[in-house]
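Bear in mind the structure is a predicted one, so any value in this text is a computation, not a measurement.
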Amino acid sequence: MMKNRKLLYSVLISCFIIVAGFSIYFYYQTQKLTNQVSEATTVDEELPSYHFTLIGEEMDHDYWRLVGEGAKKTEQNYDVWVEYVGPRRSNPEEQLKLFDIAIKSKVDGIIVQALNDDFLPMIDKAMEKGIPVITIDTDAPDSMRSTYIGTDNYVAGQLAGRALVEDTGGEATVGIVTGSFSNSHHQLRVEGFKDIVEKEAGIEIVAIEESNITRVIAEEKAYQMLTEYPDITALYGTSSLDGIGMTAAADSLGMDDVYMMTFDTLPENIKLLEQEKLDVLIEQKPFEMGHRSIELMLEIMKGNQVEDVYHTDAKVVKKEDLDEPGIEEGNRYD
Ligand code: BGC
């Protein structure tokens, strides 16, 4: 009897210990879960109200670095998170894929460089789904996009044309190295240039080649051009790396007197201008483009009307202009 009672007590005590153990365990698990949930809620409360995706052309390029810096800087003053994405090297298919991902992720707004006509259906798809799209750097005016921010590329081409006419007294044999035959901003830069220089009886364009916006191909094409047309007196490059390739080609052929123009005040281009290897840079405002694109998207979020186009400044920069403040940093405007 005594033995049975002892057994009963020890069973009861064991049961008590097990139940108490489980209770303590579940108590701590519940506490942990509650903490996790409240932590998650706190993080969520701190998330910015808007998520925009900005799709650039080349993440590995000083020009696009400045676009990104301008855009990301808005995060300090506005309730926004800017996701800045793009291929390392120019790759329109990859840009379109990133565009599609942004649409499928239902971001609040998309800012994209519309390199060619393939971007139009994707822009319209986003707009139809209620995601506003701003084009940056390169426009797609025939799409449904909300607005464009960037250089007036036709006018920028005209600026280069006028600089050539002024500096050569309207006498030149010209070769053009264009970034790409199929990208609309390069087409416009060539068109604007031609519309000015073709009015001059003393200027003739003898060749136009595509650099695929790489310095290596720019050099190759400039070299071929200068060899085939040794009477060339001026080269015009429509992309920021063309000048580097063109000057390298002229160097290796010992052609020091060729008048050289290219786009963008990148550090390497500035150095070549200082060394008088380049004569003219067409300066754009990449930092400002990035910054204002986000401000414009925020206006759209508020339901405010925006203009059809916002042109940022483009201007001719020569060696004597290099003392101007801001040139080295890509002319930040803040
Ligand atoms: C153009 C950009 C391009 C960049 C780098 C700039 O001149 O405006 O579209 O991505 O050069 O090639």
With side chains defined as the heavy atoms from C-beta onward, is the minimum distance between [X] and [Y] less than 4.5 Å?
X      : Y      : result
Glu209 : Ile176 : no
Val316 : Arg162 : no
Pro132 : Met297 : yes
Thr312 : Ile149 : yes
Thr151 : Asp137 : no
Glu191 : Asn153 : no
Leu164 : Met261 : yes
Ile300 : Ile134 : yes

Identify whether the distance between the nearest side-chain nitrogen and carboxylate oxygen of [X] and [Y] falls below 4.0 Å.
X      : Y      : result
Arg145 : Asp139 : yes
Glu276 : Lys319 : yes
Arg65  : Glu69  : yes

Quick check: is [Y] connected to [X] through a chain of hydrophobic side chains (ILVMFWY, heavy atoms under 4.5 Å apart)?
X      : Y      : result
Val258 : Ile282 : no
Leu266 : Val67  : yes
Met255 : Ile244 : yes
Ile111 : Trp81  : no
Phe181 : Ile205 : yes

[X] [atom1] to [Y] [atom2] distance, which is reported to the nearest 0.5 Å:
X      : Y      : atom1 : atom2 : answer
Ile131 : Lys104 : CD1   : NZ    : 11.0 Å
Asp60  : Ser90  : CG    : OG    : 12.0 Å
Glu268 : Ser240 : CD    : OG    : 9.5 Å
Met122 : Leu96  : CE    : CG    : 5.0 Å
Asp313 : Lys285 : CG    : NZ    : 6.0 Å
Glu283 : Leu159 : CD    : CG    : 11.0 Å

Minimal non-hydrogen separation, [X] against [Y], with atom names:
X      : Y      : answer
Ala160 : Tyr236 : CB-CE1, 3.5 Å
Ser182 : Asn116 : O-CB, 3.8 Å
Ala207 : Tyr229 : CB-CE1, 3.7 Å
Ala71  : Leu54  : CB-CD2, 3.6 Å
Ala249 : Tyr223 : CB-N, 3.6 Å
Val306 : Ser146 : CG2-O, 4.1 Å

Measure from the side-chain N and O atoms of [X] to the backbone N and O of [Y], and report whether any donor-acceptor pair falls under 3.5 Å.
X      : Y      : answer
Thr262 : Gly243 : yes
Asn91  : Glu93  : yes
Thr53  : Glu83  : no
Asn212 : Thr214 : no
Thr74  : Gly70  : no

Carefully, step by step, assess Glu295 and Tyr78 under the rule side-chain hydrogen bond (donor to acceptor under 3.5 Å, both in side chains). CA-CA 9 Å; Glu295 289 183 330; Tyr78 299 101; 2.8 Å; yes
Check step by step if salt bridge (charged side-chain N to carboxylate O under 4.0 Å, His left out) holds for Lys72 and Glu75. CA-CA 6 Å; Lys72 292 295 278 181; Glu75 290 175 344; 3.0 Å; yes
I would like to know whether Thr238 and His186 meet side-chain hydrogen bond (donor to acceptor under 3.5 Å, both in side chains); could you show each step before the answer? CA-CA 6 Å; Thr238 68; His186 291 292; 2.9 Å; yes
Test side-chain contact (heavy atoms from CB on, under 4.5 Å) on Gln284 and Asp264 and set out the steps. CA-CA 6 Å; Gln284 303 190 79; Asp264 298 320; 2.8 Å; yes
Evaluate Leu273 against Asn269 for side-chain contact (heavy atoms from CB on, under 4.5 Å), listing each step before the verdict. CA-CA 6 Å; Leu273 200 62; Asn269 285 344; over 6 Å; no
Using the rule given for side-chain contact (heavy atoms from CB on, under 4.5 Å), can you reason through Leu281 versus Phe263, listing the C-alpha separation, both sets of side-chain angles and the distance that settles it, and then say yes or no? CA-CA 5 Å; Leu281 296 178; Phe263 270 71; over 6 Å; no
Set of side-chain hydrogen bond (donor to acceptor under 3.5 Å, both in side chains) partners for Asn304, sequence neighbours left out: Glu299
Residue list, side-chain hydrogen bond (donor to acceptor under 3.5 Å, both in side chains) with Lys271, at least two apart or on another chain: none
Count the heavy atoms of every other residue, nucleotide or ligand shown that sit under 6.0 Å from [atom1] of [X], and state whether that count exceeds 12.
X      : atom1 : result
Gln305 : CD    : no
Asp195 : CG    : yes
Asp257 : CG    : no

Row check, Tyr154 ring normal vs Arg189 NZ/CZ: under 6.0 Å, within 45°: no
Between the side chains of Gln95 and Glu57, does any donor sit under 3.5 Å from an acceptor? no
Tested for side chain to side chain contact (heavy atoms under 4.5 Å, CB included) against Leu235, the lone hit among Val174, Leu226, Asp279 is Leu226
Measure from the ring center of Tyr310 to the ring center of Tyr148 and say whether it is less than 6.0 Å. no
Please lay out, stage by stage, how Asp242 and Ser211 fare under the test side-chain hydrogen bond (donor to acceptor under 3.5 Å, both in side chains). CA-CA 7 Å; Asp242 292 339; Ser211 69; 2.6 Å; yes
Let's go through Ser49 and Asp79 carefully: what are the C-alpha distance in whole Å and the side-chain angles of both, what is the deciding distance for side-chain hydrogen bond (donor to acceptor under 3.5 Å, both in side chains) to 0.1 Å, and is it a yes or a no? CA-CA 6 Å; Ser49 304; Asp79 186 14; 2.3 Å; yes
Check against side-chain contact (heavy atoms from CB on, under 4.5 Å), His185 and Leu115: CA-CA 7 Å; His185 57 331; Leu115 265 183; 3.6 Å; yes
Which word best sums up how the rings of Tyr63 and His61 line up, parallel for under 30°, tilted for 30 to 60°, or perpendicular for over 60°? perpendicular
